[in-house]
Structures are given as structure tokens and as C-alpha cells.
Amino acid sequence: MTPVQPHPLPWHYRDMQPLSLLLVEDEARLAESLRRGLAEEGFAVAWAPSAEAAQRELSAGARDLIVLDLRLPGKDGLEFLRDLRQQGNTTPVLILTARGSVSERVTGLDSGADDYLVKPFAFAELLARVRALARRRSAAPAAMLKVADLELDPIRRKAWRSRRELALSPKEMILLELLMRHAGEVVTRDMIAEVAWGTGYNGFTNLIEVFVNRLRQKIDYAGSESLILTVRGAGYSLRRPA
Ligand code: CA
């Protein structure tokens, strides 16, 4: 009997739903026109007027792409970006920078941005960059994932905690990869059901809980901190221990 190969992540499950994009921009009129334009192009767009609001949005559910203005009231875009990357979050980020600020662009790329766009820009250009990022992400070679002392090799389909290899089923491997790619964000039950069973979670709630608990038991060891948190009413989140 040929073993069933797990679906490769990321993206196969994204074919079933529109790309979700988080727009972090404090200028309300610009944000509204971008939101409308992107929605017309089929993106599911959430708007956050500050880094703090963006963090709340990400805590409510993971996004495929982030468009990030650097000059924001309160915590600025660069700080937000650095924190995101520090958590192990690899969501592609397109930064919006002020005209002529070369240092801002360089710092942005050094801080983990994937691309940048200089304000003011044409909507067509933003759209082209966003699409290119989505494509690049889907075609990117699968690099080793690391969150805290967890490591996962997406090509060899192997995972380790504190260098101890984990005995995971193909579906558990998929779930762990999903959680690691969205470390620090909430992975909803819907997302889990779609990657694991290719369907929505209606009627699967208990099954998902059992599934997640089994993975939790496999990755935690005596004396270790549990890395998978339950976010009541929302889903699950993989976090670095504080
Ligand atoms: Ca701004």
C-alpha cells in the first residue's frame, strides 16, 4: 500500500479561499481607497489604523499578506515588523515608505520586509507588488522553520523539539507546520479543518480539539512549557515561551 503523502504547505489550502490581506495605514482616506480597490480584485482586506490595531487583528486570525505603512501614530511600522519577525512570523510584508527616504527603505528590508513601495504610488503598482509577493511565497523553497526550540523541515517532513525527533502523523505534521508558519497569530479552527480535512469545521469541533491535544502531548515533554495555546472562541496559537 502506498502511504498517502501529506499536502504540501503553504498555499494549497489557499486556493479555496481569497487571499487575506492586512492593511496597516493610518491615513483613513488612502486606506479606504486601497481597501476598496483590493477588495474589487478579490482580496479579503482588513484595515488597521495603527500597529496596536494590527496586532489585535493578527491575534484574531492569521493573514496571507501584510501591507505596512512605516509612519504610524504610536508604535511605528518598523518596530511592529521587527516584533513580528522576532516571534517567528513569516507572513510576507510590503512596506510603504515616504518618498526619498532611502534609509527607511533599507532599514525596512533589514528588519524583515519582503518588498517596499514609495508613496505616492499608483494602485496598479501596489496590486502588481502584492500579487508578486503572493506568487513568490507560493513558489518559495521550503526553508527550515524554527520557533523557540521547535524545528520543522517542510521538505523532509520531519520535526524536532530540543533536537529530539517527534513522531508525528502526516496530518499532525501539517498542523504543526501551519501553527509554526503563523507563530504568534491565531490559527482558526476553520484553517485547521481545511488543511487537515479539506472542509469547514462544522461538526468537527471535538475532533479538532482531540487532534490539537494529541499534537500538544507529542511536542511537550516533562518540564517543558506548552507551546500551543488555546485561544478561547478563536482557535489556537503557537507562541514562544516568555
Ligand atoms: Ca502614515
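Numbering of ligands and ligand atoms starts at 1, following listing order.
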N, O or S from Arg71 under 3.0 Å to the Ca ion (ligand 1):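 Yes, within the cut-off.
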
Metal site the Ca ion (ligand 1): N/O/S of Asp26 inside 3.0 Å: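 So Asp26 counts as coordinating the Ca ion (ligand 1), yes.
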
Say whether Val186 and Leu215 are linked into one hydrophobic cluster, either directly or through other cluster members, by side-chain heavy-atom distances under 4.5 angstrom.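 Not linked; separate clusters.
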
Donor-acceptor pair, side chain of Arg35 and main chain of Ala39, under 3.5 angstrom: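 The answer is no, because no donor-acceptor pair under 3.5 Å joins these two groups.
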
Kindly say whether Arg82 contributes a backbone atom to a donor-acceptor pair with the side chain of Ser111 at under 3.5 angstrom?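 It does not hold such a pair.
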
Of all N, O or S atoms in Asp69, identify the one at the shortest distance from the Ca ion (ligand 1).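 Result: OD2.
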
Within this structure, what is the CG-CG distance for the pair Leu68 and Leu22, rounded to the nearest 0.5 Å?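 Here the rounded value is 8.5 Å.
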
